[in-house]
Amino acid sequence: MQQNCLKRKLSFLSLVIPIYNEEASIPYLRTQLEAFLPSLSCERIEVVLVDDGSTDASRELCEKWAKDSHYVKLVIFSRNFGHQPAVSAGLQYARGEAIVILDADLQDPLSVIPAMIEQYEAGYDVAYGQRIARQGETWFKKFTAWAFYRLMQKCVYKDLPKDTGDFRLVSRAVADSVKSMPESHRFLRGMFAWVGFKQIAVPYVRDERRFGDTKYPFSKMLCFAWQAITSFSALPIRLVSLWGALVALIGFVICLYAVYAWAFDETVRGWTSLMGLIALLGGSCILAIGLVGEYIGNIFEEVKHRPVYIVAKTVNIDQEKSSV
Ligand code: UDP
Ligand code: MG
């Protein structure tokens, strides 16, 4: 682990970009990157595009881009595996000393990258983009995102930075540490926080999506949050134990009351409390079993040791000449 802020120069930068049905964004992404990358002072730059099983023209657009530009590497999945597996694949194939993870819709502006590189050169291993504002998003999306990060930090992992997505620069050491973590449920921003090293926030304003639609509708966001919680923390299952203890305590008090009622001949009454108790206990048991089942499901997924993604094809991956 690095202890001091050492000055260093970044000579080889990788950009990892997950892509799922982004045909509307890719031409814009390409022109923006082609204009922006030469302005960086790094000697070598590579762009690693990961096509996460797109069903529109994204794959063809990426293949053309990779054929036209030797510094663009392309990894094509055999189907849609999800955003986190796509970023994981990008980390696997990236060869840079530092890696920037970027969304294809450029909601996270390229203009923030020089500030991240500056932090890397000042000795930080992770420079994560922290959203101080989000433009063009509904109050509902803003609220759920706000609640998600606070819930995660309070209950799941205290060092998880707030309002921080996957947009960040990570050093080779951090990327290798995350790659060495074998879990198949990958909550990358939690994993980046967990590995430690010197980390710093780079504040920025998140732009709105210019083309196409979000690939994270509310149902997918809920699944993502649930996966994040249950893959990173045993807290929900501990809360169930606590709830079980509370229900047992209430049950004990009710037992005392039942004895009292029997002693004073009031046994015919109490139907309501009995029904309430049965419902409460039944509900709690099913809830607890369901939650235990979730964790067993996760264990089941992990012990299968399946790969996180399957690569159908790569373009330019073995090409050594990879600078802009
Ligand atoms: N993405 C992906 N696989 C998926 C969903 C999304 O590779 O299953 C990519 C998507 O193309 C984009 C990034 O992940 O580059 C973030 O997705 P999006 O912009 O839709 O998320 P939002 O910004 O709305 O949270
Ligand atoms: Mg987006």
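All values reported here derive from a predicted model rather than from experimental measurement. Throughout, numbering of the chain's residues begins at 1 and tracks the sequence. Note that ligands are numbered from 1 as they come in the structure, with each ligand's atoms numbered from 1 the same way.
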- Does NZ or CZ of Arg189 fall inside the cone over Phe187's six-membered ring, less than 6.0 Å from its centre and within 45° of the axis? no

- Query: More than 12 foreign heavy atoms under 6.0 Å from NZ of Lys142: is that the case here?
  - Reply: yes

- Item | Residue part near ligand 1, for Arg206, under 4.0 Å between non-hydrogen atoms | side chain

- Query: Quick one: do Asp207 and Arg131 make a salt bridge, cutoff under 4.0 Å?
  - Reply: no

- Query: Below 3.5 angstrom, do we get any N/O pair linking Tyr20 and ligand 1?
  - Reply: yes

- Taking NZ, NE, NH1 and NH2 as the nitrogens, is one of them in Arg210 or Asp105 under 4.0 Å from a carboxylate oxygen of the other? no

- Message: Tell me the contacting part of Lys220 for ligand 1: side chain, backbone, both, or neither, using a 4.0 Å heavy-atom threshold, strictly below.
- Response: side chain

- Task: Report the nearest protein non-hydrogen atom to atom 17 (O) of ligand 1: residue, atom name, distance rounded to 0.1 Å.
- Result: Tyr216 CD1, 4.0 Å

- Item | Heteroatom N/O/S of Gln107 within less than 2.8 Å of the Mg ion (ligand 2) | yes

- Lys/Arg N to Asp/Glu carboxylate O, Glu46 vs Lys73, below 4.0 Å: yes

- Residue, atom name and distance, where the atom is the protein heavy atom closest to atom 25 (O) of ligand 1: Lys141 NZ, 3.2 Å

- Query: Any ion pair linking Glu34 and Arg30 (charged N to carboxylate O, less than 4.0 Å)?
  - Reply: yes

- Task: Check Asn21 against ligand 1 and report side chain, backbone, both or neither, counting heavy atoms closer than 4.0 Å.
- Result: neither

- Message: Any nitrogen or oxygen of Ala104 lying under 3.5 Å from a nitrogen or oxygen in ligand 1? Just yes or no.
- Response: yes

- With the threshold set at 4.0 Å, does a side-chain nitrogen-carboxylate oxygen contact exist between Glu97 and Arg8? no

- atom 14 (O) of ligand 1: which protein heavy atom is closest, and how many Å away? His83 CD2, 3.2 Å

- Numbered atoms of ligand 1 (with element) below 4.0 Å of Asp105, judged on heavy atoms: 19 (O)

- Note on the structure: Of all protein heavy atoms, the one nearest atom 22 (P) of ligand 1 is Thr214 OG1, 3.7 Å

- Item | Closest protein heavy atom (residue, atom, distance) for atom 15 (O) of ligand 1 | Pro18 O, 2.8 Å

- Is the backbone N or O of Phe192 less than 3.5 Å from a side-chain atom of Gln199, with the two atoms forming a donor-acceptor pair by type? yes

- To the nearest 0.1 Å, how far is atom 20 (O) of ligand 1 from its closest protein heavy atom, and which atom is that? Lys215 N, 2.5 Å

- Check: Trp65 and Leu49 side chains under 4.5 Å, non-hydrogen atoms: yes

- Message: Using a 4.0 Å cut-off to any heavy atom of Ile19, which atoms of ligand 1 qualify?
- Response: 7 (O), 11 (O)

- Task: Taking atom CG of Asp213 as the centre, report whether more than 12 heavy atoms of other residues, nucleotides or ligands fall under 6.0 Å from it.
- Result: no

- Message: Which residue and atom name correspond to the protein heavy atom nearest atom 23 (O) of ligand 1, and how close is it?
- Response: Gln107 OE1, 2.8 Å

- Note on the structure: Check: of Ile101, Ile17, Asp52, min heavy-atom distance to atom 3 (N) of ligand 1 comes from Asp52

- Message: Report whether any nitrogen, oxygen or sulfur of Asp105 sits less than 2.8 Å from the Mg ion (ligand 2) (N, O or S, backbone or side chain).
- Response: yes

- Presence of salt bridge, Arg168 and Asp125, under 4.0 angstrom: no

- Message: Walk me through whether Val50 and Ile19 qualify under side-chain contact (heavy atoms from CB on, under 4.5 Å).
- Response: CA-CA 6 Å; Val50 183; Ile19 290 173; over 6 Å; no

- Query: Which residue owns the protein heavy atom closest to atom 18 (P) of ligand 1, what's the atom, and how far is it?
  - Reply: Arg209 NH2, 3.5 Å

- Message: Distance under 4.0 Å to a non-hydrogen atom of Glu22: what atoms of ligand 1 satisfy this?
- Response: 10 (C), 11 (O), 12 (C), 15 (O)

- Query: Does Met221 have a heavy atom less than 4.0 Å from any atom of ligand 1?
  - Reply: no

